[in-house]
2 protein chains.
Amino acid sequence: MNTAKTLDAKSPIPLYYQLKEILLAKIEEGEWKNGTLIPTENELIQHYQVSRTTVREAVNSLVAEGKLEKKQGRGTMVRKPKIEPVLGRLMGFTERISMLGFEPGARLIEARVVQSSETIKEKLQGEADVYFVKRVRLADDEPISIEETYWPLKIGKLYEGEDLNEIAFYPVLEKLGYKLSHAEEVISSVVASKEQAQQLNIKSGMPLLRIHRTTYTAAGEAIQYCCNYYRSDRYSYKVHLER
Amino acid sequence: MNTAKTLDAKSPIPLYYQLKEILLAKIEEGEWKNGTLIPTENELIQHYQVSRTTVREAVNSLVAEGKLEKKQGRGTMVRKPKIEPVLGRLMGFTERISMLGFEPGARLIEARVVQSSETIKEKLQGEADVYFVKRVRLADDEPISIEETYWPLKIGKLYEGEDLNEIAFYPVLEKLGYKLSHAEEVISSVVASKEQAQQLNIKSGMPLLRIHRTTYTAAGEAIQYCCNYYRSDRYSYKVHLER
DNA sequence: AAGTGGTCTAGACCACTTA
DNA sequence: AAGTGGTCTAGACCACTTA
């Protein structure tokens, strides 16, 4: 039990920070399980031989990070992993649909190099030619959306040889070391064309949610532009707003 | 200068919190300008006759909220207002449209007490009757959306006597001390009914962006449920996602 | 060198939860 | 009644910034 690391008072690293790291390790390594109470302030004071202020500083910063939760009179608890803050998180179709509890799928319509339109050029910061992939996306084998993606050629190359009826784009990129950072989306409403209706197995004239997305790497480079058309009867878009 | 409020040691409100509110007021009322240094910890200790711990607790919580910024050896500064994080911010139509550079407006269609449907009951946490307001919203005198809002009766009462062809809801609530906290939205796509098309001055069958919003107060109470139908040719919804 | 915030101690009384 | 975290005091030494 008392394998506990001790704090180094001579270190330039503040005591509260050393303690915080120790507590964090116990949480992440599962020594302290979700929902259980951690030792009380007095126990931590005794154990690590520091003042209450120091203990509180360590614990409070973990509370601020959402790792711990304090209740006056009761104790300090390891926080159950929050219900994934799903909203506002950049995800691909595969990831999103899996998370919603469906089996993701794809049906390739076409994949080829095309000339950039003006829009594409603007979004992808001037690429003359781009790699275009068009797929119907499925959830539990039912068509949910039409996905039209445009990639800079150097990215497109990475997908050659991959089975476009199968792959999810983002995991491939991340495995190759690309760091996705954020995306901007513009959402609007359109009615299904005859072709779209057929591909989505709905009647033409039905409303579709159209989502344009531009995705950026951590370096600030636009790495993807896509246009997705979602069946509005099977998919809705959720947003969380803060005042 | 020394019109400063003093702290009430006998109040059940903690000293650090009283102090925090005082500091916050000085920032928001502009007594302390953006980018200037606020009094030092020692000055605050002297002035308010509290311990350093208490001062630090007040200041640190404002630092956590982004209102202040500390620099060791230099002092504590009022933080310049961030480049408005417009996306993801809960705003009413009036605020949003103004920000986009248009003149907001409204045309009242109806306002009355109605029985709650099952949906409304669920969203507004069980209210039996609700105050319903339906308006067409305008930007530069052009119809942009149809706004159907449902309010708990006690909130609805606040709008009686107000000119519903004029008012923006949120500012009224906030002036009355209601603290809006956040909202959840569900976005989908629909086609305009004949009536909607007429109200929005478009053809029926045109696509509309439908946005359901449930708004919550800081107390966690659902204070508004609304359903907005936006012309998709004049309005699009922007979202920022983080990986 | 003087002044700032950063870290830390030892102690006190309190409100709240649980047994 | 005992134990928890919440608030608060008075004091100390430190690293960093500025003059």
Side-chain angles (χ1 to χ4, degrees), chain A residues 5-24 26-27 32-33 35-80, chain B residues 5-24 26-27 32-33 35-80:
Chain A
K5 281 174 210 146
T6 49
L7 305 184
D8 178 3
K10 280 166 299 188
S11 162
I13 300 165
L15 291 176
Y16 81 88
Y17 194 85
Q18 295 181 43
L19 180 54
K20 176 186 166 184
E21 294 289 294
I22 291 174
L23 303 185
L24 188 56
K26 302 222 185 217
I27 295 166
W32 293 341
K33 306 287 183 198
T36 62
L37 294 174
I38 72 167
T40 66
E41 292 185 349
N42 279 322
E43 285 166 349
L44 293 171
I45 290 167
Q46 285 299 315
H47 198 287
Y48 294 99
Q49 292 294 304
V50 289
S51 72
R52 192 162 172 218
T53 309
T54 302
V55 167
R56 284 179 65 81
E57 207 155 357
V59 170
N60 281 340
S61 81
L62 289 170
V63 169
E65 289 173 22
K67 310 280 186 183
L68 294 175
E69 189 171 356
K70 300 211 278 192
K71 275 276 173 51
Q72 191 180 9
R74 188 153 189 288
T76 301
M77 235 174 53
V78 177
R79 230 184 154 191
K80 292 186 193 70
Chain B
K5 280 174 209 144
T6 48
L7 304 184
D8 179 3
K10 279 165 299 187
S11 161
I13 300 165
L15 291 176
Y16 80 88
Y17 193 85
Q18 295 181 43
L19 179 54
K20 177 186 167 183
E21 293 289 293
I22 291 174
L23 302 185
L24 187 56
K26 302 221 184 217
I27 295 166
W32 292 341
K33 306 289 183 198
T36 61
L37 295 174
I38 72 167
T40 68
E41 292 184 349
N42 279 322
E43 285 167 349
L44 292 172
I45 289 166
Q46 284 299 316
H47 198 287
Y48 293 100
Q49 292 294 305
V50 289
S51 73
R52 191 160 171 222
T53 309
T54 302
V55 167
R56 284 181 65 81
E57 206 155 356
V59 170
N60 282 340
S61 81
L62 289 170
V63 169
E65 288 173 22
K67 310 279 187 183
L68 293 175
E69 190 170 357
K70 299 212 279 192
K71 275 276 173 50
Q72 190 180 11
R74 187 150 192 289
T76 300
M77 234 176 53
V78 177
R79 233 184 151 194
K80 292 187 193 67

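So you know, we letter chains A, B, ... as the sequences are listed, proteins then strands, and number each from 1.
Straight-line distance from the OH atom of A/Tyr16 to the C1' atom of D/dC13: 16 Å, rounded to whole Å. Across the protein-nucleic acid pair, B/Arg74 atom CZ and D/dT17 atom P stand 10 Å apart, rounded to whole Å. Rounded to whole Å, the distance from CG on A/Asn60 to P on C/dT7 is 14 Å. Taking atom CG of B/Leu68 as the reference point, atom C1' of C/dG5 lies 13 Å away to the nearest angstrom. For the pair B/Gln72 CD and C/dC8 C1', the computed distance is 14 Å after rounding to whole Å. The interatomic distance linking B/Ile13 (CD1) with D/dC8 (C1') rounds to 16 Å, in whole Å. Summarising the geometry, the separation between CG on A/Leu7 and C1' on C/dT9 is reported as 14 Å, rounded to the nearest angstrom. The separation between B/Met77 atom CE and D/dT17 atom P is 14 Å, rounded to whole Å.
Across every non-hydrogen atom of B/Arg79 and B/Gly66, the tightest pair is CD-O, 3.1 Å. Across B/Thr36 and B/Trp32, no two heavy atoms sit closer than the pair OG1-C, 4.1 Å. Contact between B/Leu68 and B/Val78 at its shortest, heavy atoms only, is CD2-CA, 3.9 Å. In terms of heavy-atom proximity, A/Thr54 sits nearest to A/Leu19 at O-CD2, 4.4 Å.
Checking each of B/Glu43, B/Glu41, B/Glu57 against B/Arg52 for a salt bridge (charged side-chain N to carboxylate O under 4.0 Å, His left out) leaves exactly one that passes, namely B/Glu41.
For A/Gln18 (side chain) and A/Asp8 (main-chain N/O), a donor-acceptor pair under 3.5 Å exists by modelled atom type.
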Map every base of DNA chain C to its dot-bracket character, where paired means a Watson-Crick or G-U wobble contact with both distances under 3.5 Å and | marks a partner outside the strand. ||||||||||||||||||.
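Relative to the side chain of A/Val50, the nucleotides C/dG6, D/dC8, C/dT9 differ in distance, and C/dT9 lies closest. Of the candidate nucleotides D/dC8, C/dC8, D/dG5, D/dC8 has the atom lying nearest to any side-chain atom of B/Leu15.
A distance of 12.5 Å separates CG in B/Leu15 from OH in B/Tyr48, rounded to the nearest 0.5 Å. The line from CG of A/Leu62 to CD of A/Glu69 is 13.0 Å long, rounded to the nearest 0.5 Å. Interatomic distance, NE2 of B/His47 versus CG of B/Leu7, reported as 10.0 Å (0.5 Å rounding).
Close to C/dA10, at under 4.0 Å from its OP1 or OP2, lies no side-chain N or O of A/Arg52. Residue A/Lys70 has a polar side-chain atom (N or O) positioned under 4.0 Å from OP1 or OP2 of D/dG6. B/Thr53 has no side-chain polar atom (N or O) that falls below the 4.0 Å cut-off from OP1 or OP2 of D/dT7. Under 4.0 angstrom from either OP1 or OP2 of D/dT7 there lies no side-chain N or O belonging to B/Thr54. The shortest distance between the side-chain N/O atoms of B/Arg56 and the OP1/OP2 oxygens of C/dG6 is below 4.0 Å.
For the pair B/Gly75 and A/Tyr17, both in contact range of DNA chain C, the more 5′-proximal nearest nucleotide belongs to B/Gly75. Positionally, the nearest nucleotide of DNA chain C for A/Gln18 lies more toward the 5' end than for the other of A/Gln18 and A/Lys71.
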Expected list for residues 70-77 of chain A: side-chain donor-acceptor pairs under 3.5 angstrom, two or more places apart:
unit_1	atom_1	unit_2	atom_2	d
A/Lys70	NZ	A/Asn60	OD1	2.6

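Sorted by residue number, the members of residues 36-45 of chain A with any non-hydrogen atom under 4.0 Å from DNA chain D read A/Thr40, A/Glu41.
Among the atoms of the strands shown, none is found under 4.0 Å from any heavy atom of A/Val59.
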